[in-house]
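Below: one structure, written as structure tokens.
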2 protein chains.
Amino acid sequence: MSLLDTKNLMQGISLDCVIFGFHNNDLRVLLLELKNIKLCALPGGFIANDEDVDLAASRVLQNRTGMTDIFLQQFYLFGKVSRNVPGHADRLVREKLIGKDLYSFFNRRYVTIGYYALVEYTKVNPLPDEISVKCDWYNINDLPGLILDHREIILQAHETLKSHLNFKPIGIKLLPAKFTLRDIQSLYETILSKKLDRRNFRRKILGFNILNALQERRTGLAQRPAQLYKFNLSQYNRALHEGLNQGW
Amino acid sequence: MSLLDTKNLMQGISLDCVIFGFHNNDLRVLLLELKNIKLCALPGGFIANDEDVDLAASRVLQNRTGMTDIFLQQFYLFGKVSRNVPGHADRLVREKLIGKDLYSFFNRRYVTIGYYALVEYTKVNPLPDEISVKCDWYNINDLPGLILDHREIILQAHETLKSHLNFKPIGIKLLPAKFTLRDIQSLYETILSKKLDRRNFRRKILGFNILNALQERRTGLAQRPAQLYKFNLSQYNRALHEGLNQGW
DNA sequence: TCAAAAGTGTTGAGGTTACACCCATGC
DNA sequence: GCATGGGTGTAACCTCAACACTTTTGA
């Protein structure tokens, strides 16, 4: 637990990252399987006194995925008193997840800042932290038991992601560099948990002007080869900034 | 400063409320004019250890406006280190805004949770708190000097409010009980800082089905009397919950 | 030649934009 | 009667949903 020099950390505030990946048409989240406890937890951490909160989130993310330059966004502060379970810190000490010296740091009321991140599944090499035995992906529709209110945090992150689909381009961090329209449609369908009309989807997504067709096709399948695309980075960023559907 | 029993407060976390009101076609925010310092500040406060964060925000709001049942929404956690100005706590003590006993509570790094609220201007009786001489409304386009990053917080609240206009019904807390379509259009125009076509606006807002026409008109003006409306509470709440423009 | 998915186009409904005209009132 | 803003209608346009057919490949 050398990383936890608690004197330099803000007290009573934590952050938790809901890290989304996309693989085999599954929307997955990266979770830690805790030592000695049959429960999972979101990758999270604390904020150093001299550290921007966004930077702390980015550090946590980097430690668990090995990746930098990740789409990362604060989405909610969970501030209910009831999210703190009496005896939680005791349990952490009893199960030897943390040392007794950290008991007083953990045994207090916490609010936590929820971040969600979008990462390219294949590029991630999940790394467990000091209090977990495994770091792995779980299907969002088949989540394991989770500590505290982490399940609620994940569900709320998912809702936020869904609503962001309407205003922001999404996918540059969730898809490989080259992809077909079917790939990106599957991503949207997975996030939204519903089927979209293939022809209308193509028209709409191409209309956003954030894709560039490549001089390449995906061959090897017993079907007509599909056009490959990549994101147009500058257009994508412009769309991120300006939004896609302005009302009023 | 009897209210600040700092032992019971979370440390390093504050909250600030951007309270919007609408009057004379102005979008205004409620600000405190600080004692001895020629700067204003957002109404804000701290969170008791046994208090939900939302409840703390609601308490602050009630103390400044005398109102309960206010639309109040968390919109961002401001977590940059740079928002803490060195010497700020010293200044508060020097200018006698706080006692020396509170110095150590204030002299630390803070993150603050931004809330925005919508209130009916005429119903508010602004009350200064212990560290201010006045609590008053300021036009959002003509803000006075503000401490710390409070100006940025206000601007971001305004951006959030603008974007919420596209998905959520707004107005029930900003307008009097009876209002004309012109009134609500002015509200929208003011929030968005742009003119809307009167005829199209009427069609659109009526199409939301959140208004009920009254058997009353606004008379006394040298023009055709305008139909008065009130919000249909149940429809309004349904729209709040379901959103107005669902994409995808 | 067959299965499978890619690629393309059209039509109708509904919503949005940009307009012009008449109406009711106080002065 | 006249200035002022309220109330209504409509045509052009755009977007979106629903849908059918042809194309290209590997097996």
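Residue numbers begin at 1 in each chain, while the letters A, B, ... track the order of the sequences. Everything numeric here is computed off the predicted structure, so don't read it as measured data.
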Residues A/K178 and A/E216 bridged, charged N to O under 4.0 Å: yes

Whole-Å distance separating the CZ atom of B/F208 from the P atom of C/dG15: 11 Å

Presence of salt bridge, B/D149 and B/R83, under 4.0 angstrom: yes

Between C1' of C/dG7 and CG of A/L206, the distance in whole Å: 11 Å

For atom CG of B/L181 and atom C1' of D/dG5, their distance in whole Å: 13 Å

Side-chain H-bond candidate by donor/acceptor type, A/Q235 with A/R238, under 3.5 Å: yes

Sidechain N-carboxylate O distance under 4.0 Å for A/E189, A/K194: no

Whole-Å gap separating C1' (D/dG5) and NZ (B/K195): 13 Å

B/D183 and B/R218 ion-paired at < 4.0 Å: yes

Sugar-phosphate or base contact per nucleotide [nucleotides 19-27 of chain C; S, B, -; heavy atom under 4.0 Å]: BB--BBBS-

For atom CG of B/L196 and atom C1' of C/dA18, their distance in whole Å: 14 Å

Between P of D/dG6 and CD of B/E216, the distance in whole Å: 17 Å

pair A/Q156-A/F78: side-chain heavy atoms closer than 4.5 Å: yes

Rounded interatomic separation in angstrom, taking CD1 from B/I205 and C1' from D/dG7: 17 Å

Rounded distance in Å - NZ (B/K204) to P (C/dG14): 18 Å

Touch class at under 4.0 angstrom, heavy-atom based, for A/R202 against every strand present: base

